[in-house]
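Working notes, structure below.
Order of the sequence lines fixes the chain letters, A, B, ..., with proteins taken first and strands second; residue numbering starts at 1 for each chain. Here the structure is a predicted model, which is why all the values come from computation and not from measurement.
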Amino acid sequence: LPAGGASLRLCSTRATLEGINKPVIDRIIRVDHAGEYGANRIYAGQMAVLGRSSVGPIIQQMWNQEKDHLKKFNELMVAYRVRPTVLLPFWNVAGFVLGAGSALLGKKSAMACTVAVEESISDHYNSQIRTLMEEDPEKYKELLQIIKQFRDDEREHHDIGLEHDAEAAPAYSVLKTAIKLGCKAAIFLSERI
Amino acid sequence: KMAAAGSLRRAGWRLWRGRAVVRCQLSPPQHPLQASAVLRRVSDEQKKEPLASSSQQQFDSHATDHQPEQEPQGPRPSYTGQGGQESEDYETEEQLQHRILTAALEFVPEHGWTAEAIAEGAKTLGLSVAAAGMFHSDGSELILHFVSQCNTKLSELLEQEQKLVQLGEAEKKPTDQFLRDAVEARLRMLIPYIEKWPQALSILLLPHNIPSSLNLLTSMIDDVWHYAGDQSTDFNWYTRRAVLTGIYNTTELVMMQDSSPDFEETWRFLENRVADAMNMGNTANQVQSTGEAVVQGLMGAAVTVSNAETIRAVR
């Protein structure tokens with residue numbers, strides 16, 4: 001048997017890559033990877049400020065789930081030979097700044113940020129699920145399953161944010177709209193570059 | 001010697017490509033009716049026809065033994081030839097172009113990457129030299145076709161090597177040696193054309209060729225890294241490919257100027273550049289850990305100072 005799981009994975013890529021709509025899958029994985037990476041950094045920023053507060057544990061829990069998501073997309077990225085977005089270093093900083101910034105405005109604002117981001121992400125996952133279903137549900141079964149699972153997780157984070165008085169944050173609607181707009185722009189760019 | 005090498009190469013391309021079987025030359029007609037079918041095929045190929053699957057082409061070489069009408073698959077165009085007989089095999093314009101360009105490669109050392117070479121290639125396939133009119137007069141397509149073929153050959157080579165490693169029949173090479181061998185293998189494919197390669201490079205840099213040549217280059221480099229086992233999903237993905245592209249391009253240029261036996265100087269240059277790249281990676285890591293250590297030191301200093309201030313304020 002070949003030594004090491006890594007070489008098995010490399011062997012499977014040729015089979016995985018045949019017959020799939022490469023440009024569409026490319027975009028999907030690239031943007032999802034960027035999204036999870038950004039979400040990771042946002043929670044890291046929030047933890048840096050609110051880590052020792054009462055909402056620390058709940059943020060940590062959500063952050064751990066995002067870490068799992070990121071790990072999964074790293075694997076998918078290698079398996080499908082997808083290029084990561086050039087903007088990763090930028091999302092690294094921007095995500096952290098957004099997380100830390102919203103946390104500095106208060107616990108409720110941090111939750112509002114979470115609600116906005118998670119809403120954006122789950123809408124985005126929904127449209128990807130629609131795209132893949134239109135393409136070929138059978139061929140993309142595994143990918144669909146993963147995205148559906150992650151969408152449910154993000155939805156859960158969204159609900160947790162609401163439970164923790166996100167809507168009571170000062171200037172909630174302004175904050176939420178601004179962050180959602182930022183997420184849309186990030187999605188647009190990460191799909192392409 | 002060149003002609004023998006040329007025909008061997010052509011046979012090699014054919015065997016390796018599998019599908020582009022030159023029916024006219026491999027399956028001599030055994031029947032006068034079929035002889036005319038063959039001749040008609042030659043002229044038919046000049047016209048645009050719908051896509052034939054590659055398996056169909058393989059069947060066709062058997063089908064010449066039987067009635068020309070027998071087709072193993074699917075709906076065929078209702079095109080009829082001169083004698084009212086339907087053409088049994090057809091290929092797309094693209095496949096025809098590929099065949100002409102592959103045949104033309106043999107004439108490149110003599111004529112350069114030019115329309116003359118393409119015309120000569122067309123002649124060997126039994127086509128008129130006017131077939132060269134299908135292509136750009138600067139030989140761009142011929143060069144791009146050649147580069148694409150070399151890249152495909154390289155991928156197949158790397159795939160074979162990977163299979164051997166997986167079967168346990170070969171040792172997994174360390175990264176630097178893998179990269180060296182891959183780049184050397186790819187550059188060696190230029191050796192038969194080395195005299196005329198500088199001309200090709202300058203043509204590839206023409207504005208209208210840059211998108212295609214860049215595309216071919218980046219996908220080749222990506223392939224090499226993929227087989228080298230690169231699994232980076234961060235910015236390293238870009239730095240590694242940029243570095244390897246730099247190594248490849250500079251080594252290619254050195255090869256143009258190299259007159260040492262079997263291009264020893266080039267391979268030594270390559271070895272040094274790859275070693276530099278590996279060192280660069282190590283240095284980058286060292287810089288990063290040093291940077292982190294410095295930051296931690298500063299943070300510690302800041303905490304100490306703020307504690308000292310607090311104590312002084314309390315007193």
Side-chain angles (χ1 to χ4, degrees), chain A residues 1-18 22-23 26 28-41 44 48 66-96 190 193, chain B residues 53-54 151-152 154-175 178-179 182 214-215 217-245 284 287-288 291-292 295-296 299 302-303:
Chain A
L1 265 175
S7 51
L8 275 171
R9 213 182 306 143
L10 283 176
C11 174
S12 71
T13 54
R14 274 234 163 163
T16 333
L17 292 184
E18 274 162 23
K22 195 79 178 35
D26 237 31
I28 288 181
I29 295 183
R30 178 162 52 251
V31 73
D32 288 349
H33 175 262
E36 296 299 346
Y37 185 79
N40 247 277
R41 296 303 294 154
E66 300 295 353
K67 285 185 193 160
D68 284 337
H69 289 189
L70 182 61
K71 206 156 72 112
K72 189 69 194 167
F73 275 116
N74 280 336
E75 286 169 16
L76 285 176
M77 190 163 249
V78 173
Y80 284 94
R81 290 184 63 177
V82 175
R83 158 184 81 83
T85 165
V86 192
L87 298 170
L88 277 180
F90 184 66
W91 300 145
N92 187 353
V93 174
F96 193 88
S190 299
I193 50 181
Chain B
S53 63
S54 50
N151 291 355
T152 313
L154 181 67
S155 294
E156 314 234 323
L157 186 69
L158 294 176
E159 178 77 20
Q160 298 287 6
E161 271 182 27
Q162 187 187 65
K163 283 212 176 77
L164 287 179
V165 170
Q166 282 171 346
L167 293 173
E169 289 173 23
E171 284 296 312
K172 185 163 161 52
K173 292 185 202 168
T175 311
F178 184 92
L179 296 179
L214 210 54
N215 203 352
L217 179 63
T218 51
S219 52
M220 187 262 292
I221 298 287
D222 180 46
D223 249 2
V224 172
W225 267 120
H226 167 74
Y227 286 105
D230 174 42
Q231 296 188 350
S232 39
T233 53
D234 53 4
F235 204 74
N236 268 328
W237 192 97
Y238 290 92
T239 41
R240 285 182 182 183
R241 279 152 184 75
V243 164
L244 188 58
T245 311
V287 166
Q288 193 180 6
E292 279 169 11
V295 166
Q296 278 188 342
M299 297 280 275
V303 167

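- Contact annotation for residues 85-94 of chain A against chain B (heavy-atom separation below 4.5 Å, listed by residue number): A:Thr85, A:Val86, A:Leu88, A:Pro89.
- With hydrogens and angles disregarded, a donor-acceptor distance shorter than 3.5 Å links the side chain of A:Lys22 to the backbone of A:Tyr80.
- Contact check on A:Glu36 versus A:Lys72 returns no salt bridge, with no Lys/Arg side-chain nitrogen under 4.0 Å from an Asp/Glu carboxylate oxygen.
- Within the model, atoms OH of B:Tyr238 and OG1 of B:Thr245 stand 12.5 Å from one another, a figure rounded to the nearest 0.5 Å.
- Remark: A:Arg30 engages A:Asp26 in a salt bridge (Lys or Arg N to Asp or Glu O under 4.0 Å) (not counting sequence neighbours).
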**Request:** Give the C-alpha distance, both sets of side-chain angles, the deciding distance and a yes or no for salt bridge (charged side-chain N to carboxylate O under 4.0 Å, His left out) between A:Lys71 and A:Glu75.
**Result:** CA-CA 6 Å; A:Lys71 206 156 72 112; A:Glu75 286 169 16; 5.1 Å; no

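- Checking side-chain atoms of B:Arg240 against main-chain N and O of B:Asp222 turns up no donor-acceptor pair under 3.5 Å.
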